[in-house]
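Here is the structure we will look at.
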Amino acid sequence: MIRSVLFALATLTTSSLALIFAVDSSTLVSEGTFSTALGEGFTKAVLRGYQEACGIGGQVDPNFVGAYNNARAAGYTNIDTYWFPCSGVNNACKSYATQIAELGATFNAHSMAIGRIWIDLEVDPVCDNWNYGTSGNLAQAREIISAIEASGFNFGIYSSPGEWGDIFGSESVVLDNSAPLWFANFNNVETLTFSSPFGGWTAPVGHQYTDVSASGSFDLSVFQS
């Protein structure tokens with residue numbers, strides 16, 4: 001769905017006024033593109049900070065610092081990041097503690113103001129991650145939670161009902177439902193309606209509602225204000 005300033009003004013409702021519109025990206029988005037998105041009312045940005053890079057055990061996304069700087073230059077102050085952990089039996093992944101430490105070191109080295117780290121839990125057939133079996137996958141995910149809790153960073157979990165069921169064998173499996181949830185459901189509905197609960201959550205704080213944007217550079221979400 002493509003949103004413009006006029007469309008946004010024409011379709012704002014009482015409920016949407018309480019929501020924050022957000023863009024997220026894993027690419028090196030230009031300052032101009034961020035500026036346009038900000039002008040259209042997307043006041044939050046979520047950038048990929050750490051990628052699987054399963055051939056080398058995980059790495060800070062090479063686009064992260066540049067995209068962050070461009071977002072800041074465009075006027076963004078509400079910026080989160082997401083961590084796509086390297087995992088998988090056949091991948092020589094760095095420990096989860098090392099992965100999060102590398103991301104944190106990047107924050108410090110570049111004086112980055114990051115609100116929250118979202119743990120991206122989804123299957124990647126290219127890297128063949130999450131292949132420990134359903135009980136083994138849950139054990140690995142708990143190690144990820146332990147590592148980020150030990151880091152002291154604010155965190156949340158990003159996933160979807162389908163991905164959750166694929167990884168853990170059931171959508172009802174609970175990992176950490178005390179953590180904020182940002183869920184994906186590309187239904188083009190700009191609300192936090194949670195019609196298919198999973199993971200023990202009863203309410204999300206974010207909803208990624210489409211992977212289509214006018215610039216072609218972003219997925220689009222709404223977050224609780």
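Hydrogens, waters and symmetry mates play no part in the numbers below; they use all other heavy atoms, side chains included. Just so it is clear, the model here is predicted, and its values are computed rather than measured.
- N177 contributes atom CG, which lies 8.0 Å from atom OG1 of T202 (distance to the nearest 0.5 angstrom).
- With S25 contributing its side chain and F218 its backbone, the two residues share no donor-acceptor pair below 3.5 Å.
- The minimum heavy-atom distance between T81 and G49, with the atom names listed, is OG1-N, 3.0 Å.
- Taken to the nearest 0.5 Å, the OG1 atom of T43 stands 9.0 Å off from the CZ atom of F21.
- Within the 4.5 Å cutoff, no side-chain heavy atoms of Y209 are placed close to those of V189.
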- [ ] Walk me through it: do T33 and T36 pass the test side chain to side chain donor-acceptor pair (under 3.5 Å)?
- [x] CA-CA 5 Å; T33 300; T36 298; over 6 Å; no
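- Legend: residues meeting salt bridge (charged side-chain N to carboxylate O under 4.0 Å, His left out) with E31, ordered by chain and number and at least two apart, are absent.
- Here Y76 and F34 bring their ring centres to under 6.0 angstrom of each other.
- For the residue pair Q208 / D24, a side-chain donor-acceptor distance below 3.5 Å is found, with atom types taken as modelled.
- At least one side-chain heavy atom of L47 sits under 4.5 Å from a side-chain heavy atom of I79.
- Here the side chains of E163 and V123 are in contact, with some heavy-atom distance below 4.5 Å.
- Shortest non-hydrogen contact noted between S170 and W164 is O-CD1, 3.6 Å.
- Atom SG of C86 is separated from atom CD of Q59 by 10.0 Å, given to the nearest 0.5 angstrom.
- One finds the OG atom of S213 at 7.5 Å from the CG atom of D219 (value rounded to the nearest 0.5 Å).
- For F84 and Y158, the distance between ring centers is not under 6.0 angstrom.
- At least one side-chain heavy atom of L181 sits less than 4.5 Å from a side-chain heavy atom of F198.
- Although no hydrogens or angles enter the test, the distance criterion places a donor-acceptor pair under 3.5 Å between the side chain of R116 and the main chain of F155.
- Remark: side-chain polar atoms of S151 are paired, donor with acceptor, to backbone N or O of I148 under 3.5 angstrom.
- Of the possible donor and acceptor atoms, one in the side chain of S159 sits under 3.5 Å from a partner among the backbone N and O of L121.
- Residues in residues 66-94 take part in these salt bridge (charged side-chain N to carboxylate O under 4.0 Å, His left out) pairs, two or more places apart or across chains: K44-D80, K94-E102.
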TODO: Evaluate the side chain to side chain contact (heavy atoms under 4.5 Å, CB included) criterion for residues T106 and V65: first the C-alpha distance (whole Å), next the side-chain angles of each, then the deciding distance (0.1 Å), finally the verdict.
DONE: CA-CA 8 Å; T106 302; V65 174; 3.7 Å; yes
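- Residue E190 holds its CD atom at 10.5 Å from OG of S221, rounded to the nearest 0.5 Å.
- Annotation for F183 and T193: closest pair CZ-O, 3.4 Å, computed over non-hydrogen atoms.
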- [ ] Output, in order, the C-alpha distance, side-chain angles, deciding distance and verdict of side chain to side chain contact (heavy atoms under 4.5 Å, CB included) for F107 and Y68.
- [x] CA-CA 10 Å; F107 298 165; Y68 174 88; over 6 Å; no
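- Using modelled atom types, one side-chain atom of H207 and one backbone atom of T191 make a donor-acceptor pair closer than 3.5 Å.
- With a 4.5 Å cut-off on side-chain heavy atoms, Q140 and I144 do not count as touching.
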Can you list, pair by pair, the side-chain donor-acceptor contacts under 3.5 Å of residues 131-139, counting residues two or more places apart and other chains?
from: N131; atom 1: OD1; to: V89; atom 2: N; distance (Å): 2.7
from: N131; atom 1: ND2; to: D128; atom 2: O; distance (Å): 3.1
from: N131; atom 1: ND2; to: D128; atom 2: OD2; distance (Å): 3.1
from: Y132; atom 1: OH; to: G88; atom 2: N; distance (Å): 2.6
from: N137; atom 1: OD1; to: Y132; atom 2: N; distance (Å): 3.1
from: N137; atom 1: ND2; to: W130; atom 2: O; distance (Å): 3.2
from: N137; atom 1: ND2; to: G133; atom 2: O; distance (Å): 3.4
from: N137; atom 1: ND2; to: I167; atom 2: O; distance (Å): 2.7

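- Using modelled atom types, no side-chain atom of N70 and backbone atom of L28 make a donor-acceptor pair closer than 3.5 Å.
- When side chains are defined from C-beta on, P85 counts as touching I119, because their heavy atoms get closer than 4.5 Å.
- Minimum heavy-atom separation, S26 to N63: O-ND2, 3.6 Å.
- Counting all heavy atoms, side chain and backbone alike, G200 lies closest to V174 at CA-CG2, 3.8 Å.
- Of the possible donor and acceptor atoms, none in the side chain of S87 sits under 3.5 Å from a partner among the backbone N and O of N129.
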Open item on the list: Quick one, F42 with I20, criterion side chain to side chain contact (heavy atoms under 4.5 Å, CB included). Give me CA distance, side-chain angles, the key distance, then yes/no.
Closed with: CA-CA 7 Å; F42 294 92; I20 296 170; over 6 Å; no
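- Side-chain atoms of D176 come within 3.5 Å of backbone N or O of S178 as a donor-acceptor pair.
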- [ ] Starting from the C-alpha separation in whole Å, work towards a yes-or-no answer on side chain to side chain contact (heavy atoms under 4.5 Å, CB included) for I157 and L175.
- [x] CA-CA 10 Å; I157 294 172; L175 172 61; 4.1 Å; yes
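- Ring geometry, Y50 versus W83: the interplanar angle exceeds 60°, so the pair is classed perpendicular (tilted spans 30 to 60°).
- Within the model, atoms CD of Q99 and CD of Q51 stand 11.0 Å from one another, a figure rounded to the nearest 0.5 Å.
- Between the side chain of T210 and the backbone N or O of F186, no donor-acceptor pair lies under 3.5 Å.
- Ring planes of F223 and W118: tilted class, angle from 30 to 60°.
- Smallest separation of non-hydrogen atoms from P180 and V205: CB-CG2, 3.7 Å.
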